[in-house]
Every structure is written in structure tokens, then in C-alpha cells.
Trainee: 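Please find one structure pasted underneath; my questions will follow.
Indexing begins at 1, ligand by ligand and atom by atom, following the structure's order.
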Amino acid sequence: MKNRIFSGVQPTGNLHLGNYLGAIRNWVRLQKDFDCIFCMVDMHAITVWQDPKELTSNTRMVTAGLLAAGIDPRNCIVFNQSQVFAHAQLAWIFNCVARLGWLNRMTQFKEKAGKQRENASVGLYAYPNLMAADILAYKATHVPVGEDQKQHLELTRDIAQKFNNDFGVEFFPLPEPQILGEATRVMSLRDGSKKMSKSEPSDYSRINLTDGPDLIADKIRKARTDPHPLPDSIAELEKRPEADNLLGIYAALADMGREQALARFAGAQFSDFKAQLTDLAVASLGPIGEEMQRLVRDTSHVDKVLREGAERANALAEPIVRQAMEIVGFLKA
Ligand code: AQP
């Protein structure tokens, strides 16, 4: 049996370069060697307010992004989370397995709730338990994600371990994170200390997969940098977050190591480097963006992919979650 991958993306806005380099491009490469399940996690999305119409259209758009990037729904399962009830059922069990102390350590909740902690939804706090359920409902063994999700993956392993210990079973596997490539944490183009994110108000903080060449060029031109030429050592680069971010993006898009990219641009002015980065970004993302726009207009195709994916996902998850319910001691009707 091939190892099984589960990974998800929130339909909270347009896909950006961080989602692509940190996650989706790796998924495309892994689909040959693993059984893959890719999920539009709409139940995670509503942990912060989503306009219902936008949630529907974003779910289609994010699905279109996966397909345009090269995810093949004939080989992989592609679906939206809310269509498969097993996720919510298992999440409730995990709400009762995970400890408050564990969730209190989650940095994503702290960042997203910010100073409005008392006003954050209960769902935002319990988000990592639902994520554990997403993965373990399929007994997935590997989870390709960006660096930002590493802590949630560790929590998933803790939950699986505690469930197995509490009930004296070897039921859930402890899934391995796969954090791959040179751009595991792509930062905002406006602030090298913040990650590139769909929900950041400034569109100029990110490159969206649907941005055309002129907009990509403008965003890269206006990306924050410092006045010095690019350095010649990684140690120097790491002291300059914005330069480090742009060079990391270049290396990832060119499929080369950071050292190799730095050797190419050591001593270069940002204007020259940015022009080459723009050409590379346009060449890499342009075809994906165009295909995405085409698929977004073909809603019946996208909906069919999601419907068929949900049926296949349900067939895998339902028996696993049913067994978990029996282990817990829930009486079968
Ligand atoms: N900046 C990033 N760099 C590298 N990887 C990233 N990912 C997200 N941002 C970056 C990875 O993309 C996958 C899908 O992420 P998500 O949409 O489920 O959630 P997120 O991490 O909360 O992404 P956003 O874009 O920041 O969304 P909002 O603004 O709604 O919170 C994950 O594998 C993630 O690691």
C-alpha cells in the first residue's frame, strides 16, 4: 500500500505565492508517489467571518487553483471538507482528547485572535483539533504543509498518541510533516517579518496566482527592500529579511538552492535582481493563472470534481471514524 497524504487549503481568498510554493507545488510533485487527498477546508475558513457568497466562490476558485497547478482529480481525491461529515464527528472526539494546555500554546491562534482574544470564535481556538481530525479520518501518514503548520502537525501527533494510549489501541498513525523546498515560509512583500497571507488587507503584500504580468511586475517593483546590494553570504542574507524573502522566492521558482541563487546575484542591485525575479514569476505563474481563470468560469466542472471527490473521501473516512466511535464506546444503533 502506498503511503497516504492529506493536506488542505482554506477558501478564505485568492491563492497566493506562499500557498503555491509552500504547499500546492509540492502536492503536484508528490501525487505520483502517494495516495493523495486534497481538501478545501471550508469548515476551517468559517472560524473567522466569511461572507457566504464569497465562501462559495472562493471554494470554487481555490479548487480551480489546484487543478490549474496540476493536481489530477483522476488520481487524487479533491473535495470540500463540509461535504464529508466524518471530519466534524472525529473533531468532537478530539475536542475531548486534546488538552486545553496544548491548545493554549498554539501560536496561530495567538496571532489570529490578537488583542481580540475574548471575541475570537470557539472554532478558531479548536481549529487544530479539526485539523487533526481531517488528517486522521483518513489515517494519513504524511502531511505536506508550509512551515506555519508545523506546530499544528505536532499537536495532531500528540492527539493520535493520546487517543491510542487512552484506549489501549494502535489505531491512529502518527503522521509526518513534509516541509519541502526553499520557500517553506514566504513572507509579505511589504513586511519581511509577517507571512504572506490571503487575509492581509493589502493586496500588495502578496502575489496572487491570478495576477497578470503587469501587476506581478508592479508588486515586485514596490516590494520593500533595503538600499544595499545583495550580499555574498547566506549569513549576511539572513540578517536582511526582505532580501532573504525575495531571494528565497527566486530560488524556489528556479528550483535551485538558496546558495546557488545567491551566487548568481551576489553584489547585484535590487533593480536588476527584481527585473529577473519578475520574468521568472511571470513565466512560472502566468500559465497557472490563465488556466485558473478558465476553470473558474466552468463552475459545473469544478462542482463535479468536488462532488465526486467527496464521495470517494467519504468512502475512506466513514469506516475509520465509525471504528474510532466504537473504540470510544459509542453504542451502534
Ligand atoms: N506564506 C506562506 N509560505 C509558505 N506556505 C504557506 N502556506 C500558507 N501561507 C504560506 C501554506 O499553504 C497551505 C494552505 O494554507 P491555508 O490557506 O490553509 O492557511 P493559512 O496558513 O492560514 O494561509 P493564509 O494564506 O495565511 O490564509 P489566511 O490569511 O486565511 O489565514 C498550508 O500548507 C500552509 O502551510
Side-chain angles (χ1 to χ4, degrees), residues 5-30 36-51 54-55 58-59 61-63 65-66 69 71 78 80-81 87 106-114 120-121 123-124 127-128 130-132 134-135 140 142-156 175-203 205-210 219 223 241-242 244-246 248-249 251-253:
I5 276 181
F6 179 96
S7 203
V9 58
Q10 297 190 82
T12 41
N14 206 336
L15 290 174
H16 54 72
L17 190 61
N19 299 134
Y20 180 63
L21 294 177
I24 297 166
R25 190 175 70 162
N26 298 327
W27 302 354
V28 173
R29 293 172 177 185
L30 291 164
C36 292
I37 304 164
F38 298 121
C39 186
M40 303 334 113
V41 287
D42 46 10
M43 288 158 63
H44 283 280
I46 63 163
T47 56
V48 297
W49 169 251
Q50 303 296 321
D51 174 86
E54 280 179 24
L55 179 62
N58 283 336
T59 303
M61 177 151 70
V62 169
T63 309
L66 263 61
I71 299 292
V78 176
N80 59 311
Q81 186 184 28
H87 293 247
M106 295 298 112
T107 52
Q108 181 174 292
F109 176 75
K110 289 181 194 157
E111 279 163 20
K112 288 202 170 177
S121 73
L124 187 65
Y127 182 116
L130 177 59
M131 180 165 158
D134 299 336
I135 296 162
H142 293 78
V143 186
V145 283
E147 179 77 34
D148 59 317
Q149 292 299 328
K150 193 166 170 224
Q151 193 184 35
H152 287 167
L153 245 297
E154 280 158 11
L155 188 91
T156 298
E176 295 287 340
Q178 291 173 302
I179 298 173
L180 305 167
E182 281 297 332
T184 56
R185 188 173 175 83
V186 178
M187 308 309 276
S188 157
L189 299 181
R190 307 302 267 176
D191 178 351
S193 68
K194 280 196 192 157
K195 89 172 177 119
M196 188 177 282
S197 165
K198 298 187 211 83
S199 50
E200 161 64 43
S202 166
D203 193 53
S205 68
R206 63 182 159 261
I207 294 174
N208 302 306
L209 295 192
T210 48
K219 285 180 174 178
E242 281 86 14
D244 192 17
N245 187 39
L246 293 180
I249 293 172
L253 286 171

Trainee: Asp148: what forms a salt bridge (charged side-chain N to carboxylate O under 4.0 Å, His left out) with it, not counting sequence neighbours?
Mentor: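 With neighbours one apart ignored, the set is Lys195.
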Trainee: With distance as the sole criterion, is a donor-acceptor pair present between the side chains of Gln151 and Thr107 under 3.5 Å?
Mentor: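 A pair is found: one side chain offers a donor N or O, the other an acceptor, under 3.5 Å apart.
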Trainee: Using the ring-ring contact (aromatic ring centres under 6.0 Å, His included) criterion, which residues pair with Tyr127? Sequence neighbours excluded.
Mentor: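 Scan of Tyr127 (ring-ring contact (aromatic ring centres under 6.0 Å, His included), adjacent residues dropped) gives His44, His152.
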Trainee: Which label fits Phe38 and Trp27: parallel for a plane angle under 30°, tilted from 30 to 60°, or perpendicular past 60°?
Mentor: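 Answer is parallel, since the angle falls under 30°.
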Trainee: Would you list the pairs meeting salt bridge (charged side-chain N to carboxylate O under 4.0 Å, His left out) in which at least one residue belongs to residues 21-30, sequence neighbours left out?
Mentor: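 Listed by first then second residue: Arg29-Asp255.
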Trainee: May I have a table of the N/O to N/O pairs between ligand 1 and the protein that fall below 3.5 Å, each row giving the two atom names and the distance to 0.1 Å?
Mentor:
from	atom 1	to	atom 2	distance (Å)
ligand 1	1 (N)	Val186	O	2.7
ligand 1	1 (N)	Met196	O	3.0
ligand 1	3 (N)	Val186	N	2.8
ligand 1	5 (N)	Gly18	O	3.1
ligand 1	9 (N)	Lys195	NZ	3.1
ligand 1	12 (O)	Asn19	ND2	3.2
ligand 1	17 (O)	Gln10	N	3.2
ligand 1	17 (O)	Lys198	NZ	2.2
ligand 1	18 (O)	Gln10	N	3.1
ligand 1	19 (O)	Gln10	NE2	3.3
ligand 1	21 (O)	Asp148	OD2	2.7
ligand 1	21 (O)	Lys195	NZ	2.8
ligand 1	22 (O)	Gln10	NE2	3.1
ligand 1	22 (O)	Lys112	NZ	3.4
ligand 1	23 (O)	Lys195	NZ	3.4
ligand 1	25 (O)	His16	NE2	2.7
ligand 1	25 (O)	Lys198	N	3.1
ligand 1	25 (O)	Lys198	NZ	3.4
ligand 1	26 (O)	Lys195	NZ	2.9
ligand 1	26 (O)	Ser197	OG	3.1
ligand 1	27 (O)	Lys198	NZ	3.3
ligand 1	29 (O)	Ser197	OG	2.5
ligand 1	29 (O)	Lys198	N	3.3
ligand 1	29 (O)	Ser199	N	2.8
ligand 1	29 (O)	Ser199	OG	2.4
ligand 1	30 (O)	Thr12	OG1	2.8
ligand 1	31 (O)	Lys112	NZ	2.5
ligand 1	33 (O)	Gly146	N	3.3
ligand 1	35 (O)	Gly146	N	2.8
ligand 1	35 (O)	Asp148	OD1	2.5

Trainee: Does a donor on one side chain sit under 3.5 Å from an acceptor on the other, for Asn208 and His16?
Mentor: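 Asn208 vs His16: no donor-acceptor pair found between side chains.
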